[in-house]
Amino acid sequence: MKKLINRPDTFLEESLRGFAAAHADLLELDPGMRFLRRRQLNPGKVALVSGGGAGHEPLHIGFVGRGMLDAACPGQIFTSPTPDQIVQAVRAVDTGGGALLVVKNYEGDVMNFDMAAEMGGDRIARVLVDDDVAVKPAAQGFGRRGVAGTVIVEKMLGAAAEEGRDLAALERLGAHLVPRIRSMGVALKPCTMPALGRPTFELGPDEMELGVGIHGEAGVRRAMLMSADAIAAELLDAILAELPLARRTPVLLLVNGFGGTPMIELYAMAHAARLGLEKRGIAIARNAVGSFASSLDMAGCSITLAALDDGMIRHWDAPVETVAFRWGR
């Protein structure tokens, strides 16, 4: 295993300290290493708090800032943050409007964020993201996984919170967004966890894994390596089976790298997805291409589609200033 680390047991702390120092204009690190918080808070605004295991960067810490999250809680690699971390983050950023927790649908995340909500008081609500079509709800007790679609939910809820919407309105918006967002991923190479020192699963040189998660899990089907066009078609077919769209429905296309895929390949996949959607008569209104919800050094990507309405487009376009997203004023 070749990694730019000192020791696995100090890796997360050193990475968080480096991240916070590099972006001190936008955010600050809790002295207890429990969360990163937005440096400038808006009095009375509903606070958006999310988090999850480290190894998914820039999710979630890279989306802390104006127009998105007020705080993010990083757990150990691929491990949920503790309820205490989440409660302390809420207390640090709740300026009177209450807090909305954005939670990926993984069993540990759901359990710990729910415990934090119970510990934190009455002014806390939750939005659960479950965009991964690779896993059917009946296949596992907690349903579909939350993956790269979480980024879209955080962006749109963040914009609505900046507008001054109250906690109940944001909770309703979250319930509107989540069913309109679906994703699926493919891996060409597994990731290697620093503490483990070996790949999380094995792939042959001419194999790929369809339906992978973002925690190093193997997928739901192994196949021989295909062209970019064929891979995009596989992913789009699976997504559109769960997200039926009328012709000319505007969508947001998000092509997400898993950490080990160069941008030139991600843009090739974005082109392939665009061609596939155009053949189906689906209009791409907005695009995002890059590594947003990674899985350490896994090679591969996911495709996410969000069926847009006018309000969603407005919230996506609204100004944002975070490490990973910056546009508008």
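We number each residue from 1, following the sequence as shown.
The hydrophobic cluster containing Ile152 also contains Ile313, counting ILVMFWY residues as joined when their side-chain heavy atoms lie under 4.5 angstrom apart, directly or transitively. Leu275 and Leu254 sit in two unconnected hydrophobic clusters of ILVMFWY residues. Membership requires side-chain heavy atoms under 4.5 Å apart, directly or through other members. Linking ILVMFWY side-chain heavy atoms closer than 4.5 Å, directly or via other members, places Met68 and Leu177 in a single hydrophobic cluster. Hydrophobic clustering (side-chain heavy atoms under 4.5 Å, transitive across Ile, Leu, Val, Met, Phe, Trp, Tyr) keeps Met184 apart from Val153. Put simply, Trp316 and Ile181 are part of the same group of oily side chains (I, L, V, M, F, W, Y) that touch within less than 4.5 Å, one to the next.
Taking the side chain as every heavy atom from C-beta outward, Val151 and Leu59 approach each other to under 4.5 Å. Contact of the His271 side chain with the Val255 side chain is not registered, since no non-hydrogen atoms from C-beta on lie closer than 4.5 Å. Counting heavy atoms from C-beta outward, Val178 and Val127 have side chains that approach closer than 4.5 Å. No side-chain heavy atom of Met269 sits less than 4.5 Å from a side-chain heavy atom of Thr261. In this structure the side chain of Leu305 reaches within 4.5 angstrom of the side chain of Leu277, judged on heavy atoms. Side-chain atoms of His60 and Lys104, non-hydrogen and from C-beta on, do get closer than 4.5 Å to each other. For the pair Lys45/Asp70, a side-chain contact is recorded, criterion being any heavy-atom separation below 4.5 Å from C-beta on. By the 4.5 Å heavy-atom criterion applied to side chains, Leu16 and Ile61 are counted as neighbours.
Counting Ile, Leu, Val, Met, Phe, Trp and Tyr side chains that sit under 4.5 Å apart, directly or through other members, Leu101 shares a hydrophobic cluster with Leu41, Val49, Ile86, Val90, Val93, Val103, Val110, Phe113, Ile124, Leu128. Listed by chain and number, the hydrophobic cluster partners of Val87 are Met119, where partners are ILVMFWY side chains within reach of under 4.5 Å, directly or through others. With side-chain heavy atoms closer than 4.5 Å counting as contact, directly or through intermediates, the hydrophobic cluster containing Tyr106 also holds Val147, Phe201, Leu203, Val212, Ile214, Phe258, Met298. Residue Met224 is found outside any hydrophobic cluster, as its side-chain heavy atoms come under 4.5 Å of no other Ile, Leu, Val, Met, Phe, Trp or Tyr.
Applying the side chain to side chain donor-acceptor pair (under 3.5 Å) test to Arg34 and every residue at least two apart in sequence or in another chain returns Asp30. Legend: residues meeting salt bridge (charged side-chain N to carboxylate O under 4.0 Å, His left out) with Arg326, ordered by chain and number and at least two apart, are absent. Glu154 meets the salt bridge (charged side-chain N to carboxylate O under 4.0 Å, His left out) test with no other residue; sequence neighbours excluded. Partners of Asp229 by side chain to side chain donor-acceptor pair (under 3.5 Å), not counting sequence neighbours: none found. Here Arg222 pairs with Glu207, Glu209 under the salt bridge (charged side-chain N to carboxylate O under 4.0 Å, His left out) rule; sequence neighbours left out. In this view, Phe11 satisfies the ring pair (Phe, Tyr, Trp, His ring centres under 6.0 Å) rule with no residue, not counting sequence neighbours. For Glu57, the side chain to side chain donor-acceptor pair (under 3.5 Å) test picks out no residue, with sequence neighbours left out. Annotation: side chain to side chain donor-acceptor pair (under 3.5 Å) contacts of Glu107 (sequence neighbours excluded): none.
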For this session: Take Leu210 and Glu234 through the side-chain contact (heavy atoms from CB on, under 4.5 Å) test and state the conclusion after the steps.
Result: CA-CA 9 Å; Leu210 288 156; Glu234 287 269 348; 4.2 Å; yes
For this session: I would like to know whether Leu296 and Met193 meet side-chain contact (heavy atoms from CB on, under 4.5 Å); could you show each step before the answer?
Result: CA-CA 7 Å; Leu296 290 171; Met193 294 182 63; 4.0 Å; yes
For this session: Step by step, work out the side-chain hydrogen bond (donor to acceptor under 3.5 Å, both in side chains) result for Asp132 and Ser183.
Result: CA-CA 5 Å; Asp132 186 2; Ser183 304; over 6 Å; no
Problem set entry | side-chain contact (heavy atoms from CB on, under 4.5 Å) between Asn287 and Arg274, worked out | CA-CA 10 Å; Asn287 294 272; Arg274 174 178 290 276; 3.2 Å; yes
For this session: May I have the step-by-step check of side-chain contact (heavy atoms from CB on, under 4.5 Å) for Leu240 and Leu245, ending in yes or no?
Result: CA-CA 7 Å; Leu240 293 172; Leu245 299 174; 3.8 Å; yes
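Of all the heavy atoms in Ala272 and Ala232, the pair that sits closest is CB-CB, 3.8 Å. Here the closest heavy-atom approach between residue Val102 and residue Val129 is recorded as CG1-CG2, 4.1 Å. The minimum heavy-atom distance between Cys73 and Gln85, with the atom names listed, is SG-O, 3.7 Å. When all heavy atoms of Ala99 and Asp94 are compared, the pair lying nearest together is N-OD2, 4.5 Å. The nearest pair of heavy atoms linking Leu167 to Gly97 is CB-O, 4.2 Å. Val135 and Arg144 make their closest contact through O-CG, 3.1 Å (heavy atoms, listed as atom of the first residue, atom of the second, distance).
Atom CG of Asp25 is surrounded by more than 12 heavy atoms from other residues, nucleotides or ligands within 6.0 Å. Within a 6.0 Å radius of CG in Asp310, no more than 12 heavy atoms belonging to other residues, nucleotides or ligands are found. Remark: Glu278 CD is packed, more than 12 non-hydrogen atoms of other residues, nucleotides or ligands lying under 6.0 Å away. For CD of Gln76, the number of neighbouring non-hydrogen atoms (other residues, nucleotides, ligands) closer than 6.0 Å is 12 at most.
Distance alone, capped at 3.5 Å, is enough to place a donor-acceptor pair between the Trp327 side chain and the Ala318 backbone. The backbone N or O of Gly67 sits less than 3.5 Å from a side-chain atom of Glu162, completing a donor-acceptor pair. Not a single donor-acceptor pair under 3.5 Å links the side chain of Arg165 to the backbone N or O of Leu170. At least one donor-acceptor pair closer than 3.5 Å links the side chain of Thr95 to the backbone N or O of Gly44. With Asn256 contributing its side chain and Ala293 its backbone, the two residues share a donor-acceptor pair below 3.5 Å. Remark: the backbone N or O of Ser295 is not paired with any side-chain donor or acceptor of His56 at under 3.5 angstrom. Using a distance-only test at 3.5 Å, with no hydrogens or angles considered, no donor-acceptor pair links the side chain of Thr200 to the main chain of Glu217. A distance-only check finds no donor-acceptor pair linking the side chain of Thr150 to the backbone of Ala148 [under 3.5 Å].
Using a cutoff of 4.0 Å between basic side-chain nitrogens and carboxylate oxygens, Asp166 and Arg123 are not scored as salt-bridged.
Ring-plane geometry between Phe325 and Phe292 is classed as perpendicular, the angle between the planes exceeding 60 degrees on a 0 to 90 degree scale with a lower cut at 30.
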